[in-house]
2 protein chains.
Amino acid sequence: MAVTIRDVARASGVHVSTVSRSFSAPHLVNPETRTRVLAVAEDLGYRPNRAARALTTGRTHNLGLIVADIANPFFPPLIKAAQAQARLRDYHVFVADTDEDPKAEEDLIQTLTKQVDGVLLCSPRLTNRTIERLREEIPFVLVNRRVKGMPTVLMDVGRGARLAVEHLTGLGHRRLAVVTGPSGSWTSKEMQEAAAAMNEVDVVFLGPNPPTELGGLAAAADVVASGATGVLAYNDLVAIGLVEGLAERGVEVPRDVSVIGVDDIVAGRLGRPKLTTIAMPTAAAGRIAVDMLLQSVDAEAATGVTMLETTLIVRESTGEART
Amino acid sequence: MAVTIRDVARASGVHVSTVSRSFSAPHLVNPETRTRVLAVAEDLGYRPNRAARALTTGRTHNLGLIVADIANPFFPPLIKAAQAQARLRDYHVFVADTDEDPKAEEDLIQTLTKQVDGVLLCSPRLTNRTIERLREEIPFVLVNRRVKGMPTVLMDVGRGARLAVEHLTGLGHRRLAVVTGPSGSWTSKEMQEAAAAMNEVDVVFLGPNPPTELGGLAAAADVVASGATGVLAYNDLVAIGLVEGLAERGVEVPRDVSVIGVDDIVAGRLGRPKLTTIAMPTAAAGRIAVDMLLQSVDAEAATGVTMLETTLIVRESTGEART
DNA sequence: ATACTTTTTGCAACCGGTTGCCGAACCCGA
DNA sequence: TCGGGTTCGGCAACCGGTTGCAAAAAGTAT
C-alpha cells in the first residue's frame, strides 16, 4: 500500500540502510547518493513511518498535553504555544481533556505512556503521591502545580493575589472574600495562602467551586451573605459568573462590590464591566514547559522550577468602597 | 527497560505468540493458560506497546481531530464528545490546532497520516481539491463542510439562518445585515445563501471577518454604516464583539439594533444582553463524527451525510424594531 | 485401538525502520 | 607503487508485537 523505505532503496539502487541514513544521518552518506535517494523518495511520495522509527529509537517524537478542561479559556493559549514550540522541535502534541476527573487523568497518562516521550501536566488534580509514582513511567513537566523534585512551570499567583488585595484595600475595602477553585488546585491554595498572610484585612474564603461561570454564579449568594465588598475570584470565568449572579441579586459591580479575576481571558476584556484581573503569562508557560520537557526527555533527569511573573490589570470591575 | 511480551512469555513458560494471543485473540488460547499469562503480565506490570502493534496491524488506534482554533468555544464541546466517544471504542484522539491557516492544516494532516487511522476535519479551511487529494492518503470525516462523496456531519445552519431572519422580520426589522465569517467557511456560505434566498427583506453582507470577538468588534462600524437594524452574526463570539463595538458607538442592543449569534456558547448566556442565538448540536456532532470515522476506517469506503438540527434560542439581544 | 476432528501451542516470518560492524573504495603522502 | 587513514555503503540483527502455518495434544466416533 504505502511506499516504504525498501521501495525507495530498490528504486534508487542502494541498500535500505543508505536510504535510512539519507534521512536520519545525512553526514554518513555521500552527498551525491543522498541527493539521488531524496529525489527518488520525493518522487515516490515516501514519508517515513514514525511508528516504525519509534520502535527502534524509543522516541515517538510526540508529547502529551493533559488539561483539566479544554473548554476553560485559560488553556487554549497555553496549548497553542506548546504546540507551536513543539513543532519547532519536530515534535507533535496530543492534547487530552480529563474533565476535571483525577481518575480519568491517571488512565490517560497510563495509555499515553507508550505513545509519547513526555507529558505536560497542566493544573493536574492528582495527588502528589500519584504524580510521583507516575513519574517513574514517563518524563513529566508540571504546570501550575508544585511537587518536590519535579520540573515545574509556575505562574506567580501568590504575588498576583497580594497585588489584588493591595489594590482592593487601596480602594478602601476592608472586608474581602476569596472565591476559591477546585480542591486539588495548587493555584487556589496559593491564592488563599497569600491572601491569608496579608495583614489588616478581613478575608473570608468561599469554596471550593467548579472553575467555571456556573461556579461563580452559584457563589454569588455566599458572597452577598459574607458581607464582603471586595472579591478575588479563582479565575475570570468564575468572576464573570459572579458578576452575573450578583446582578441577579441587585448587587452591582463595581458600585456595590469590586471583583477581581485571574487569567485575563478575552471574554473578560469585552463584557461589561470589563474585568480587573491578574494576567497570567500562559503562552510563555506553554513554550517553556515544552522546552523543559524535551530537555528532561533526553537529559535523563532534568529538574528545576521556573516561576513566571503575573501582573494586575485594572479595568472596570473594581472601584472605591462606599463609605 | 520496559517489560515486553517476551518477558511475560519467559516468566510464564509459554511462547510469545501465546502471550500475544492471550491479549488480542482470547478465544484461541486455553482459558487456564490465558489466566496464568494475564496474571504474570499483571504481576510484571506489562502494558502492550501500541506503536509496535500498529506496525503489524496497520491500526494505530488513534484518531486525529483538527480544528481551526481551539480557543473558539464552539469546539471544546465537540472535542470532548469526540474524545469520550473514541475512548468508548478504545481509540485515542489527538487534537491539533491550525490557527485558521490552510497551509498548517495540510501539513498537520500529512504528518498525522502515519500516526492515526483517520482524521476528523472540523470546519476545514482547505480547498475542496486539496481535501479530495488528501483523502487518498487517509480516511476522513468532515464536520461543517460539504465535499462531494465524503462522509460528512453537518449542522443545519441554513435552516437556522432562515429561523433567525424570520424572527427578525417578525419583530418588524426590514433591513438586515449578515456579518460573515472567514472566506473558506462552509457555515458562512450556507448562512449567506439562506439569508439571500429570503424574500421581502433587504439583506446586506459584511465580511469576511475573523470568527472572533475582535472580528465582531471591527465589524461594528460597517453595521452602523449599513443602516441595518437586525444582524445575524457568524457566531456568538462575533456577536459579542459586535455588541461591544456597537455600544462603543452609542448603539444599544437590542434597543437600537437586534443581534443574533450562532453556536449558543456559555459566554452568550451570561453577558448582558444575553444573546439570542442559533444553538448547534456540537456534542452530538462530535459523537456521530467519530462513529462515522471508525466505520469508514474498517469498512474501507463508507460515505454518507448526516444533517443535524439547529434551534433558535430567543434571549435578550433581539427586540422589536423601532418605528 | 484406530482414524479423524478440533483445540491449543510453537515456529518463524514479517511490519518499517535503525544501527553496529565490517569490507570496499578512495584519498593522500612518501 | 605501497601503506595507512577516511569515507561510503552493505549486511544483518533488532525494536515489540502479530499471524499464517503446522505440529502436538486432546477429544470423538467407529
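A, B, ... follow the sequence lines: proteins, then strands. Residue 1 opens every chain. The figures that follow rest on heavy atoms only: side chains count, while hydrogens, waters and symmetry mates do not.
Between the A/Thr18 side chain and the A/Val14 main chain, no donor and acceptor come within less than 3.5 Å of each other. A side-chain donor-acceptor contact under 3.5 Å links A/Asp97 to the backbone of A/Ile70. Between the side chain of A/Thr111 and the main chain of A/Asp107, a donor-acceptor pair closer than 3.5 Å is present. A donor-acceptor pair under 3.5 Å links the side-chain atoms of A/His61 to the main chain of A/Asp90, judged by distance alone.
Counting any heavy atom pair closer than 4.0 Å across all strands shown, A/Val14 reaches sugar-phosphate atoms only and no base atom. Residue A/Arg21 is classed as a base contact, given a heavy-atom separation below 4.0 Å to a base. Counting non-hydrogen atoms under 4.0 angstrom, A/Ser20 reaches a base of the nucleic acid. Nucleic acid contact for A/Phe23: none, since no nucleic acid atom lies under 4.0 Å from a heavy atom of the residue.
D/dG17 atom P lies 5 Å from atom CG of B/Asn49, rounded to whole Å. Here D/dC15 presents its P atom at 11 Å from CG of B/Asp7, a figure rounded to the nearest Å. Rounded to whole Å, the distance from CZ on B/Arg59 to C1' on D/dG17 is 16 Å.
In terms of phosphate contacts, B/Thr18 brings a side-chain nitrogen or oxygen within less than 4.0 Å of OP1 or OP2 of C/dG10. Residue B/Ser17 places no side-chain N or O under 4.0 Å from the OP1 or OP2 atom of C/dT9. For C/dC11, the OP1/OP2 oxygens have a side-chain nitrogen or oxygen of B/His15 closer than 4.0 Å.
Of the listed nucleotides (D/dG9, D/dT18, D/dC15), D/dT18 has the atom at the smallest distance from the side chain of B/Thr56. For B/Thr57, counting side-chain heavy atoms from C-beta on, the closest listed nucleotide (D/dG16, D/dT19, C/dG16) is D/dT19. When the nucleotides D/dG9, D/dG17, C/dG17 are ranked by their closest atom to the side chain of A/Asn30, D/dG9 comes out on top. Closest contact between the side chain of A/Ser24 and the listed nucleotides D/dG16, C/dC11, C/dT18 involves C/dT18.
Side-chain to base pairing of B/Arg6 with D/dG17: one donor and one acceptor N or O lie within less than 3.5 Å of each other.
Along DNA chain C, the nucleotide closest to B/Thr33 and the one closest to A/Ala51 are compared, and the more 5′ of them pairs with B/Thr33.
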Give the dot-bracket string for DNA chain D, reading 5' to 3', where a pair is Watson-Crick or G-U wobble with both distances under 3.5 Å, ( ) marks pairs inside the strand, [ ] marks pairs crossing earlier ones, | marks a partner on another strand, and . marks unpaired. ||||||||||||||||||||||||||||||
Applying side-chain hydrogen bond (donor to acceptor under 3.5 Å, both in side chains) to B/Asn128 and B/Arg145, what does each step give before you reach the verdict? CA-CA 9 Å; B/Asn128 281 11; B/Arg145 172 76 174 256; 2.9 Å; yes
Salt bridge (charged side-chain N to carboxylate O under 4.0 Å, His left out) between A/Arg133 and A/Glu106, intermediate numbers included: CA-CA 11 Å; A/Arg133 182 163 53 71; A/Glu106 191 175 346; 2.9 Å; yes
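Within a 6.0 Å sphere centred on CZ of A/Arg59, other residues, nucleotides and ligands contribute more than 12 heavy atoms.
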